[in-house]
Structure formats: C-alpha cells, structure tokens
2 protein chains.
Amino acid sequence: MERDESLKLENQTCFAIYACAKEITKLYHPVLKELGLTYTQYITMLALWERDRVSVKELGERLYLDSGTLTPLLKKLETQGFVSRIRDRSDERQLLIELTDAGRALKERAYDVPEKVFCQAGMPASELMKVRVQMTELMRAIHPVAAVAETTPD
Amino acid sequence: MERDESLKLENQTCFAIYACAKEITKLYHPVLKELGLTYTQYITMLALWERDRVSVKELGERLYLDSGTLTPLLKKLETQGFVSRIRDRSDERQLLIELTDAGRALKERAYDVPEKVFCQAGMPASELMKVRVQMTELMRAIHPVAAVAETTPD
DNA sequence: TTCAATTGAATTGCATACAATTAAATTGCG
DNA sequence: CGCAATTTAATTGTATGCAATTCAATTGAA
C-alpha cells in the first residue's frame, strides 16, 4: 500500500468495524427501549438468560467487560428488578448475579428483538452470518494476544 | 433458527462486532499513547489529514459522530496544539477545523501506526481487507435506513 | 499458624457516545 | 423588509468503557 493510502480513513478496517458497531447499537436502541434496556444491559441479560448465578468476573469474561463497567450496570439492573446481587457465602469476594422472576419473564418479550432489528437492517441473514463468523475469527486472533505476549520466553 | 437459539450470545452478529470493535480499540491504545492521542482523536486526525478546514458538521458526517462527541474532543485537540477552531466569517454558525503545523507534523509519526497494530493482530492483510469490505457493505445497508424510513409513503 | 501474595469487586478519573434541548445565525417565503 | 423555519454548534443528562488504584477476602508458602 502507498505510504499515504495507509492512513486514509476508508482503508482502515478498525474504523469500518468501529463505525458499524455504533450504528448497530443505534438500530437496537428504539427496540430495546420498549423493554427498558440499554444495549449493554441487553447483552448482559442475554448472557444471564443463558446462565445466571455467576460471578461478576465470569460475566465479564463472557461479555469482554470489566468491573468498572459491570458494577454500575448491574446495580442499575438490580434497581430495575431484573437481577439480584448476592455475596457468595463460600467466598465473600465474589458477587453472584442471579435473575429475578421479572428478569426471567423479560426473556419472553425479548424473543422478538433480533427479528425486529433484522428488518430494519436490509441485509440477508446469510450475509450477517458470514460477518459474524469473520468477526469471531478476528476476535480469536486479537483477544488472546496480550496473554500470549506475557508468556513469551525472553 | 430455534426460538431459544435466537437469543444466544454467540449467535448475535451485533455482539461479535461490538466486542471486536472494543478489542481493536484496545490494540491501538498503547501505540497511540506514544503520539498523545486517544483512538477517537486518532480517527479524527486521519479525517483531517485527508481534508481539513472543514466544519464540525462535515467532520461528523465522515466520522459518524455528532457535535456532542466532537465539540469536547476538538477542544482537547486544540489544547494539545494539533488543530485550530475558527468561526467561518461568511457563516458564523459554522466552526472550521484546521490543522496546525504541529497537527500536520504529527502525520509523519503516525505512518507506523497501522503496521504496528497489524503486527499485534495475528491476521493476514487479505483477511482484514475482506472484513473491511463486509463492514462497509453492512454499514451501507444500515446507515441510511432512518432517512429512508422517514420518506416512506404512507 | 502467620503474613505476604493473589484474587475479585468496587472506586476513581478520564474519555467517549448520543438523545434531547438550547441558542445563535442564516434562509426563504410572503 | 419581517419573521418563521431551518441550520449549526454547543450544552445537558445519562450510560458506557477502561486503566489504574483501593480494599477486603482468600490462598499459599515458610
């Protein structure tokens, strides 16, 4: 690539992904508003609907979020009545996140969400799946980097 | 897709893109720190290196950011000495953003950035290009939606 | 057992993001 | 011209995100 081309905005994969991520979040906004959830709260609920009564640490690993983001977000979900935050009796350092009945009930109303957003996005499901596979591959390529670098022999 | 599968985190294209975007930003962080830029400031400088003396509105359209984000960010870049913020004499509503000499000089030091980040990401350039093309397509599919919906006949 | 090292969550500080509103400047219609 | 509608930034309020630090609980080695 030409020296100058390398710094053009339209040649930055990072920017394409960054901009896309933000637009997608905006697409979810009106749909999630009906459920009383923000986008980050929504993916947190998705994780919990699959498996709850988990520590903040485990939740953070599944969502790629740290306690700085999750602590206030989970307090908010607790205030809204969707989760309970309970200290683990056998290890008081850990905070277990459990769905409430209302939290579990919310799942019923969430089943429509993906389809509603799909309809807004004018893209066939097969294309979206391709994108997902590529993103997952890219994620695998970059996410463990830090950990690997640390264990590199010197 | 099975009813329950549709809400699984690993099946959400939105989550794959969202998580990827965040990890990529983290990859840039240490590299950009040497230049004294955050990620958002960096893409703003990329846009300005291509074309400066533009209004906040035009910059926002190219970066998909609004004045709520750009106003404080541009003030920061001004404080750092990389840009000047000048009211357009012929239309006082507009604020023109111009690179300073220091801002233009910074470009020289930025040429290394993409390669440095590539090296951290263990992915061939051809794969990254494929990702970029797909993201750009997806962006085209979803971004104009709102505008189109407004002009739909009733 | 004892205490230093580690672990997990919370906190702090800073930088986004964006919806909604506000305020100033400009435009365009009558 | 005169003023309502529009346009552009800035502001306000809320919600992330994350690096770095702190604090309490637990673990593990001597």
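Order of the sequence lines fixes the chain letters, A, B, ..., with proteins taken first and strands second; residue numbering starts at 1 for each chain.
- Taking CG of L59(A) as the reference point, atom CD1 of I97(A) lies at 7.0 Å (rounded to 0.5 Å).
- Look at E98(A) and R85(A) and you find no salt bridge, because none of the NZ, NE, NH1 or NH2 atoms lies under 4.0 Å from a carboxylate O.
- Listed for the S67(B) side chain is no donor-acceptor partner under 3.5 Å among the backbone atoms of L70(B).
- Contacts between chain B and DNA chain C, taken as any atom within less than 4.0 angstrom of a protein heavy atom, begin and end at dA15(C) to dT26(C).
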With B for base contact, S for sugar-phosphate-only contact and - for none (protein heavy atoms under 4.0 Å), nucleotides 9-21 of chain D reads SBB---SSBBB--
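- Under the 4.5 Å side-chain heavy-atom criterion for Ile, Leu, Val, Met, Phe, Trp and Tyr, L77(A) and L96(A) are members of distinct hydrophobic clusters.
- Taking a 6.0 Å sphere around NZ of K8(B), one finds it holds 12 or fewer heavy atoms contributed by other residues, nucleotides or ligands.
- Contact between L99(A) and L48(A) at its shortest, heavy atoms only, is CD1-O, 3.5 Å.
- Residue pairs meeting the ring pair (Phe, Tyr, Trp, His ring centres under 6.0 Å) criterion with at least one partner in residues 26-56 of chain B, sequence neighbours excluded, are Y18(A)-Y39(B), Y28(B)-Y39(B), Y28(B)-Y42(B).
- Taking K116(B) as the reference, E34(B) meet the salt bridge (charged side-chain N to carboxylate O under 4.0 Å, His left out) condition, with sequence neighbours excluded.
- Rounded to 10 degrees, the angle separating the terminal axes of the helix from dT1(C)-dA30(D) to dG30(C)-dC1(D) is 10°, with each axis obtained from five end pairs.
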Could you go through L138(B) and E127(A), starting from their C-alpha distance and side-chain angles, then the distance that decides it, and tell me whether this counts as side chain to side chain contact (heavy atoms under 4.5 Å, CB included)?
CA-CA 9 Å; L138(B) 183 52; E127(A) 279 303 305; over 6 Å; no
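- Counting all heavy atoms, side chain and backbone alike, M45(B) lies closest to V83(B) at SD-CG1, 4.3 Å.
- Within residues 45-53 of chain B, no residue places a heavy atom under 4.0 Å from DNA chain D.
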